[in-house]
Amino acid sequence: MKQITLTLFFLLTSLCCMSHYIYNVRDYGAKGDGQTLDHEAINRAIDVCTQQGGGQVVLPTGTYLCGSIRLKSNVELHLTPGARILAAPASMKAYDESEVFGGPEYQDGGHTYFHNSLIWAEGQHNVSITGRGTIDGDGLTKHDTENAGNVQGGSIGTGDKAIALKLCRNILIRDVTIVRGGHFAIIVTGCDIGTIDNVLIDTNRDGIDIDCCKYLTVSNCKVNTPNDDAIVLKSSYALKKPVLCEHILITNCLVTGYKLGTLVDGTYVPEKVNWVCGRIKLGTESNGGYRNIAISNCTCMWSSGLAFEEVDQGIMENITVSNISMSHVHHYPIYITTGCRNRGPKERTTVSSARDISISNVVADDCDSLAGIIVTGMPGAPIRNVSLSNIRLQFRGGGQKVEGEYREQSTHYPEPRWAGPTPSYGLFARHVDGLRLRDVTFELLRPDERPDVLLIDVQNPDIR
């Protein structure tokens with residue numbers, strides 16, 4: 001009897017402690033009926049949770065029509081299975097106004113304004129979004145109207161991003177599903193230490209954007225982006241200074257370019273090829289640059305290839321890529337470039353640079369005939385020390401001989417499509433110092449009039 005009494009005592013004590021840290025949004029007025037605006041009730045629960053030291057704000061099963069949800073320190077926003085946050089339409093004017101940036105904008109509005117997002121936090125710590133529920137950005141815009149609360153932007157009340165975290169520390173986004181995420185399904189800017197894990201994204205613009213961050217891991221995610229980039233690192237001028245994006249790990253991820261919604265519903269319909277589709281990318285915003293980046297164990301289907309672009313006077317160094325499988329590759333399988341777009345303050349005098357890039361264990365089939373592997377630096381500023389090993393690429397072929405000089409990157413937007421077919425179908429390298437090739441194989445499904453490899457202004461090649 002005494003043992004039973006003690007057991008009940010500890011059980012009740014545990015339940016009391018748990019209830020002290022768990023805040024059900026229904027207790028704060030949320031209806032979850034899909035008709036009533038619930039974001040203010042959710043924000044009340046977050047405020048109380050924060051005031052009491054933190055905990056878990058829980059959304060039970062239901063559809064929560066919402067404008068801006070403001071995350072705060074030590075709060076875990078948890079979506080139970082069957083819970084759905086539904087982004088309100090712009091006509092309901094339910095989103096916070098975008099902040100005033102206060103200075104020249106050298107980056108797109110999506111990288112400048114954050115407060116008019118569906119879920120956002122700025123300057124917070126220990127912020128989490130978890131659970132097997134869904135974030136549906138049906139009411140968000142995918143267009144570049146992020147400055148919705150200021151004169152030069154769109155109409156007040158427009159929401160444009162599903163999740164936006166700025167200048168936060170120790171962040172976690174895990175297990176949620178995001179559909180129709182607006183301009184960015186997830187954007188994290190200037191954040192230190194964080195994990196994005198086991199997230200399923202099926203969206204109409206970018207999937208995951210990591211900008212000016214350090215010590216972040218993206219793992220076990222499935223990202224379908226038929227109209228833009230899937231997982232992309234950036235280093236914009238959003239923090240009003242050049243900031244490196246560094247110490248980032250991307251691993252065990254799936255990237256696809258299926259028709260919107262068909263990854264989530266399981267029909268997997270290939271989308272008509274856009275100018276870019278899917279892909280894992282560094283760039284284009286690259287004022288600070290990228291350092292110590294590792295990408296491994298990823299699969300890309302109906303997607304553009306890997307793109308590493310430094311064109312805004314930053315650095316790109318210590319990049320390692322391994323164990324990548326690609327199928328039905330749009331436009332190119334691997335693209336490494338520097339340029340002088342220089343989208344930043346005019347008084348900056350640094351030159352974009354890239355060095356120490358290693359790509360190994362890559363297989364790809366059904367690659368577009370537009371281009372193969374491209375490695376292009378700038379005259380007088382070569383890309384240094386690029387290693388390509390154990391790579392097997394299958395091309396559609398059918399390309400014609402290219403007359404004239406292939407366009408220099410220069411100030412252009414870095415995208416091979418705009419430059420046209422490369423003068424070689426397998427590897428085209430120009431302005432490179434230190435190019436190492438080991439066990440690189442090209443296969444053609446049809447004859448191609450172009451040579452397999454063309455090197456121009458390549459110093460110290462090491463090819464076996």
Side-chain angles (χ1 to χ4, degrees), residues 107-111 137 140-144 146 160-164 173 178-189 196 199-213 216 218 221-236 238 245 248 250-251 253-260 263 270-286 289-290 293 295 298-312 316 319 321 324 326 328-337 339 341 343 368 374 413-418:
Q107 61 285 325
D108 294 341
H111 291 287
L140 301 175
T141 177
K142 66 177 183 178
H143 301 294
D144 300 333
E146 292 84 358
D160 76 308
K161 294 180 278 287
I163 298 174
I173 303 173
I178 303 173
V179 296
R180 296 175 291 195
H183 194 168
F184 300 119
I186 298 174
I187 181 169
V188 290
T189 299
I196 301 172
V199 175
L200 174 62
I201 297 174
D202 195 336
T203 190
N204 38 8
R205 283 291 300 274
D206 277 16
I208 300 171
D209 272 43
I210 297 173
D211 185 14
C212 301
C213 294
L216 259 65
V218 179
C221 292
K222 300 171 183 65
V223 186
N224 184 54
T225 53
N227 300 303
D228 220 318
D229 300 320
I231 302 173
V232 53
L233 306 186
K234 297 186 178 180
S235 179
S236 73
C245 195
I248 309 295
I250 300 170
T251 188
C253 291
L254 172 68
V255 167
T256 59
Y258 295 120
K259 187 175 180 180
L260 178 65
L263 179 67
E271 179 62 290
K272 181 180 178 181
V273 177
N274 202 332
W275 73 277
V276 64
C277 188
R279 77 179 173 181
I280 299 172
K281 172 184 168 185
L282 277 60
T284 59
E285 288 81 358
S286 49
Y290 319 96
I293 311 297
I295 303 168
C298 294
T299 298
C300 306
M301 291 284 296
W302 299 102
S303 165
S304 297
L306 304 169
F308 306 123
E309 307 164 352
E310 174 49 67
V311 295
D312 293 325
M316 182 164 61
I319 314 296
V321 181
I324 307 295
M326 295 185 278
H328 310 298
V329 181
H330 301 319
H331 300 146
Y332 56 84
I334 298 171
Y335 178 44
I336 305 170
T337 193
R341 180 179 68 172
R343 193 179 182 187
D368 199 325
I374 303 175
Y413 185 90
E415 187 62 41
R417 182 183 178 187
W418 312 135

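Residue numbers run from 1 in the order of the sequence given. Quick note: numbers below take in every heavy atom, side chains included, and nothing from hydrogens, waters or symmetry partners.
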Hey, are the side chains of Tyr332 and Ser304 touching, using non-hydrogen atoms and a 4.5 Å cut-off? yes

Would you confirm whether Arg205, through its side chain, and Lys142, through its main-chain N or O, come within 3.5 Å as a donor-acceptor pair? yes

Can you tell if the side chain of His330 reaches within under 4.5 Å of the side chain of Trp302, non-hydrogen atoms only? yes

If you look at every heavy atom in Leu140 and Gly181, which pair is closest and at what distance? CD1-O, 3.7 Å

Nearest 0.5 Å please: distance from the CD1 atom of Ile208 over to the CG atom of Asp229. 12.0 Å

Could you tell me whether the side chain of Cys245 reaches within less than 4.5 Å of the side chain of Ile210, counting heavy atoms only? yes

Residues forming a salt bridge (charged side-chain N to carboxylate O under 4.0 Å, His left out) with Glu271, sequence neighbours excluded: none

Rounded distance (nearest 0.5 Å) linking atom CD1 of Ile201 with atom CG of Leu254: 11.5 Å

Looking only at heavy atoms, the pair that brings Pro226 and Cys277 closest together is O-SG, 3.6 Å

What are the two closest heavy atoms between Ile187 and Lys161, and how far apart are they? CG2-CD, 3.5 Å

I want to check something: taking the side chain as every heavy atom from C-beta on, are Ile324 and Ile295 in contact at a cut-off of under 4.5 Å? yes

Are the side chains of Leu263 and Leu200 in contact, using a 4.5 Å heavy-atom criterion? yes

Show the nearest heavy-atom pair for residues Thr337 and Pro414, with the distance to one decimal. CG2-CB, 4.1 Å

Between the side chains of Arg417 and Asp368, is the shortest nitrogen-to-carboxylate-oxygen separation below 4.0 Å, so that they form an ion pair? no

Under 4.5 Å between any side-chain heavy atoms of Val321 and Ile334, yes or no? no

So, the side chain of Ser286 versus the backbone of Asp312: is there a donor-acceptor pair under 3.5 Å, distance only? yes

Nearest 0.5 Å, please: how far is CG in Asn227 from CG in Asn204? 7.0 Å

Value rounded to 0.5 Å, distance of CD1 in Ile293 from CD1 in Ile248: 5.0 Å

What are the two closest heavy atoms between Val255 and Arg279, and how far apart are they? CG1-N, 3.4 Å

His183 backbone acceptor or donor facing Asp160 side chain under 3.5 Å: no

Chi angles and distances behind the salt bridge (Lys or Arg N to Asp or Glu O under 4.0 Å) call for Lys234, Asp206: CA-CA 12 Å; Lys234 297 186 178 180; Asp206 277 16; 3.8 Å; yes

Separation of Ile336 CD1 from Ile319 CD1 (nearest 0.5 Å): 9.5 Å

Inter-residue atom distance Ile178.CD1 - Ile163.CD1, 0.5 Å rounding: 4.0 Å

Could you check whether any side-chain heavy atom of His331 comes within less than 4.5 Å of a side-chain heavy atom of Pro416, counting everything from C-beta outward? no

Side chains of Lys281 and Tyr335: does their closest heavy-atom pair fall under 4.5 Å? no

Out of Ile280, Ile250, Asp209, which residue meets the side chain to side chain contact (heavy atoms under 4.5 Å, CB included) rule with Leu233? Ile250

For Arg343, check salt bridge (charged side-chain N to carboxylate O under 4.0 Å, His left out) against everything at least two apart and list the hits. Asp108, Glu285

Between the side chains of Thr284 and Glu309, does any donor sit under 3.5 Å from an acceptor? no

If every non-hydrogen atom of Asp211 is compared with every non-hydrogen atom of Ser236, which pair is closest and at what distance? OD2-OG, 2.6 Å

